[in-house]
Amino acid sequence: MKYPLLAFLATGPAHGYELKQSYEARFSPFRPAVNVGQVYTTLQRLERDGFVRRHGVVETGEAPARHLYEITEDGRGALEVWLRAPVAGVRLREDFFMKLVLARAAGLAAPAELLEGQRTAALQELHDLNELLLAPKLQDLTTQLLIEGAVLHLQADLRWMDLCEERMTQEEVP
Amino acid sequence: MTELMRTVALTKRYHANDEEVAALRGVDLAVERGEFVAIMGPSGCGKSTLLHLLGGLDIPTSGEIHFDGRRVDGLGEAAWAVLRRRQIGYMFQSFNLIANLSVADNIELPALMAGHSSREARRRRELLTRQLGIEAQAVMPPGRISGGQQQRVALARALINEPALLIADEPTGNLDSHSTRDVLGILRGANERGQTVVLVTHDPNVASRADRVLRMRDGLIVGESRLEGRTPSSDLLQALVTVED
């Protein structure tokens with residue numbers, strides 16, 4: 001929540017409710033809605049850290065009055081550092097990897113059986129994502145790229161499962 | 001659903017360099033009418049051999065093939081040719097297009113051979129080339145168009161007689177992601193109109209469009225995934241993005 005708010009404030013001062021709306025407009029199909037309380041708590045924390053400051057009040061005629069916030073130089077600095085820092089990705093379905101290793105080590109189940117179930121799940125997920133790609137209301141660029149990214153990850157997962165099966169069966173049948 | 005095709009203990013052995021190679025070692029496969037089946041597996045697992053046998057392009061060493069309620073594994077070449085003309089469309093991995101005929105003639109030929117009028121053949125061909133985005137190539141010989149376009153020509157040719165069964169060997173093998181989507185759209189469309197599709201692919205993305213994905217290894221079917229053709233809720237999107245707050 002922290003950096004998205006800083007990023008929105010980098011384009012100009014805004015009050016909490018506007019920030020909530022900006023967030024939802026950008027991320028709505030793939031991030032859950034945020035409550036305005038969460039936004040204000042984050043703004044208070046950012047203010048305490050010196051990344052934003054209050055910039056007067058908007059008179060809406062309603063009580064309570066809404067505080068406008070603006071980004072500080074420190075805030076811009078922190079945003080810049082965050083934005084340019086490369087992100088470490090999740091490389092494997094770690095839970096599944098753990099199950100596979102344990103099943104094999106302890107002789108609890110044949111790896112091929114676990115792989116079979118995992119493959120079906122991955123193929124079903126691929127199916128679902130491909131359906132979403134075609135959904136008329138999800139045709140904006142951000143959403144399409146996000147789904148395409150997930151599709152490529154699943155393809156890699158499936159290829160890795162093939163590799164696991166190939167190598168593990170080679171070892172079992174010398 | 002009723003059964004369209006079934007194999008019983010199908011085997012195929014080849015002789016290569018004085019060695020006997022078992023390409024298929026007992027395949028039992030039943031395909032329902034209207035089903036979309038994808039077959040995956042490493043190269044050499046026997047998946048292309050299986051398609052060849054299902055399409056009557058090769059003779060099994062032992063076992064049975066039933067199609068549309070009758071046994072077809074003992075049929076001669078001429079009887080298979082009739083079957084392929086009317087009921088089984090076959091899309092080859094190597095396309096097998098006729099070099100000195102235009103794209104349009106290549107596609108229309110099976111329709112004419114099946115007894116359709118030239119007008120009807122042209123109508124069907126125009127519809128397919130439009131759907132597949134190869135209208136502009138109609139007058140060209142196959143040698144003058146790209147591999148991906150040749151692939152789509154081969155698909156149009158396999159579909160022109162609206163066969164009950166479409167067999168396709170790597171139908172998207174040479175295509176970029178955009179053309180892959182076009183071809184998949186055509187296959188799905190054919191399937192939704194009731195045509196049965198059996199294809200071989202190494203692309204999980206293509207396989208994920210099927211009702212059932214079979215996995216082959218060493219000449220046998222070793223695994224099967226049944227997929228639900230559901231329309232996912234867009235909640236799925238929320239699971240795609242995880243953010244550390």
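Lettering follows sequence order; numbering is per chain, from 1.
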Atom CD of B:Glu19: over 12 foreign heavy atoms under 6.0 Å: no

Contact class of A:Thr143 relative to chain B, heavy atoms under 4.5 angstrom: side chain

Leading residue by heavy atom contact count with chain B [cutoff under 4.5 Å; candidates A:Arg119, A:His127, A:Arg159, A:Glu148]: A:His127

Max heavy-atom pair count under 4.5 Å with chain B, selected residue of A:Glu125, A:Glu131, A:Glu116: A:Glu116

Option that, when pairs with chain B are counted at under 4.5 Å, heavy atom only, ranks first among A:Leu158, A:Ile147, A:Leu123: A:Leu123

A:Arg26, CZ atom: more than 12 neighbouring heavy atoms under 6.0 Å: no

Verdict with reasoning, A:Glu166 to B:Arg217, per side-chain contact (heavy atoms from CB on, under 4.5 Å): CA-CA 10 Å; A:Glu166 203 185 304; B:Arg217 190 153 41 87; over 6 Å; no

Flag side-chain contact, heavy atom, 4.5 Å: B:Arg181 against A:Leu133: yes

Over 12 foreign heavy atoms within 6.0 Å of CD, A:Glu73: no

Engaged part of B:Arg226 at the chain A interface, taking heavy atoms whose separation is under 4.5 Å: backbone

B:Asn205 vs A:Gln155 side-chain heavy atoms within contact, under 4.5 Å: yes

Residue B:Tyr14 excluded, over 12 heavy atoms near OH under 6.0 Å: yes

Sole residue of A:Val151, A:Leu154, A:Leu126 in side chain to side chain contact (heavy atoms under 4.5 Å, CB included) with B:Pro204: A:Leu126

Which atom of A:Leu134 lies closest to which atom of B:Arg209, heavy atoms considered: CD1-NH2, 3.9 Å

